[in-house]
Amino acid sequence: IGRGSGLSGSNATDRYNASSWNTASLDPTAYFTFTMTPAPGYRVNLDNFVYTGQISSSIDMFAFRSNAGGDNFATDIGTSTATGATIDLTTSPYQNISSSIEFRLYAWNGASSSNTFSVNDFTFNAAVLGTSVTTLSGFSACENAAGTAQSFVVNGAGLSPSNATISVTGTTNFEVSTTSAVAGFSNTATITAAGGSVNATVWVRLKANPVPGAYSGEEVNVSGGGFPSGDNINVACNGTVNNIPTITLGASPAVCQGLINADLPYTATTQGPGQYSIDYDVAAESEGFVDNERYFFPQSNNAGHSGWGFS
């Protein structure tokens with residue numbers, strides 16, 4: 001709360017008090033001001049403004065106005081009084097708010113400049129929904145395989161109905177889950193509010209995709225509980241689908257009975273593989289060879305080739 005330049009502050013206990021409300025008509029500089037700024041990534045649906053107030057002596061006229069929707073404090077909202085009011089804010093200018101909005105409580109026609117008017121307490125009742133994460137970058141996947149997931153948290157309060165279903169909608173190339181980082185993925189996931197509130201993790205990953213390339217600026221949307229799908233509660237997702245790594249193998253080595261290891265040479269790789277697996281055939285397994293799965297790829301390269309040790 002603050003006050004316009006046409007007012008003078010006046011000491012009072014547990015209330016915001018001022019004088020100089022004595023102009024005969026509304027003075028555009030004589031008001032109490034209230035500014036609401038949603039956090040980035042969040043949207044607000046206002047329900048009402050409730051305040052209590054008092055005057056020291058005669059002040060007759062009051063008005064509550066806003067700059068929402070380009071009105072520039074020209075139109076009264078509801079009916080204001082010296083002792084307080086509940087002012088409805090459910091009309092469209094006060095819904096799906098994503099940036100700062102200012103309200104002003106004007107008073108005028110006081111009998112004297114020394115007469116005071118104070119706001120003793122006030123509350124904006126509202127619903128809020130969103131996430132502090134507005135962008136997720138660095139997604140990566142191999143062609144025809146889903147990628148590794150990243151996450152964000154959806155928060156909401158004051159949602160309607162109290163058990164509202166919050167929908168999280170994926171995109172053409174990104175899928176979502178509210179189950180875990182490795183399960184439950186589809187194009188849409190849901191969260192059920194409890195007591196009008198939600199606090200839940202959403203995981204996002206690149207879908208299995210046969211077309212390598214960059215996929216950027218696709219927006220996962222959050223909606224429900226009074227916030228429509230076009231509310232622009234979005235998380236922009238950026239990632240890359242890579243070609244499957246390849247390797248050019250050399251000649252398979254001969255392994256004599258009694259040896260415990262040998263090298264399987266290779267001459268070239270693409271896409272920088274970091275791990276490897278070796279799947280032996282039935283004959284090798286019958287001799288005691290065991291498949292190697294997800295071993296880290298050797299980093300050395302000797303005379304144009306490197307190799308895997310196996311046993």
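Below, each value reflects all heavy atoms present in this structure, side chains not excepted, and no hydrogens, waters or symmetry copies.
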Could you check whether any side-chain heavy atom of [X] comes within less than 4.5 Å of a side-chain heavy atom of [Y], counting everything from C-beta outward?
| X | Y | value |
| --- | --- | --- |
| L129 | V222 | yes |
| V168 | V220 | yes |
| L7 | D27 | no |
| V153 | N199 | yes |
| N48 | I87 | no |
| N232 | S98 | no |
| S223 | S167 | yes |

List the steps and the verdict of side chain to side chain contact (heavy atoms under 4.5 Å, CB included) for T201 and W203.
CA-CA 7 Å; T201 300; W203 289 270; 3.6 Å; yes
N/O donor-acceptor pair under 3.5 Å between [X] side chain and [Y] backbone:
| X | Y | value |
| --- | --- | --- |
| Q150 | L136 | no |
| E219 | T171 | no |
| N238 | G217 | yes |
| N72 | A74 | no |
| S56 | T116 | yes |
| T23 | S25 | yes |

Any side-chain donor near an acceptor of the partner, [X] and [Y], under 3.5 Å:
| X | Y | value |
| --- | --- | --- |
| S140 | N242 | yes |
| N96 | D231 | no |
| S114 | S112 | yes |
| N109 | D60 | yes |
| T52 | D121 | yes |
| N234 | N221 | yes |

For [X] versus [Y], what's the shortest heavy-atom pair and its separation?
| X | Y | value |
| --- | --- | --- |
| S8 | S20 | OG-OG, 3.6 Å |
| F185 | A181 | CE1-O, 3.5 Å |
| A68 | I101 | CB-CD1, 3.2 Å |

Mind checking whether F34 and F124 have parallel, tilted or perpendicular rings, split at 30° and 60°?
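F34 vs F124 ring planes: perpendicular.
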Below 30° counts as parallel, above 60° as perpendicular, anything between as tilted: where do the rings of Y106 and F73 land?
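It falls in the perpendicular class, over 60°.
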Is the centre of the F62 ring less than 6.0 Å from the centre of the F117 ring?
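Here the rings of F117 and F62 have centres that are less than 6.0 Å from each other.
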Just do the side chain to side chain contact (heavy atoms under 4.5 Å, CB included) check on Y94 and F49 with the steps written out, would you?
CA-CA 11 Å; Y94 319 112; F49 172 70; over 6 Å; no
Is there a side chain to side chain contact (heavy atoms under 4.5 Å, CB included) between E102 and T35? Walk through the geometry before answering.
CA-CA 4 Å; E102 182 184 0; T35 299; 3.8 Å; yes
Determine, step by step, whether F32 and W21 satisfy the ring-ring contact (aromatic ring centres under 6.0 Å, His included) criterion, reporting the C-alpha distance in whole Å, the side-chain angles of both residues, the deciding distance to 0.1 Å, and the verdict.
CA-CA 11 Å; F32 290 136; W21 307 97; 5.1 Å; yes
Carefully, step by step, assess V119 and R15 under the rule side chain to side chain contact (heavy atoms under 4.5 Å, CB included).
CA-CA 6 Å; V119 170; R15 54 197 176 96; over 6 Å; no
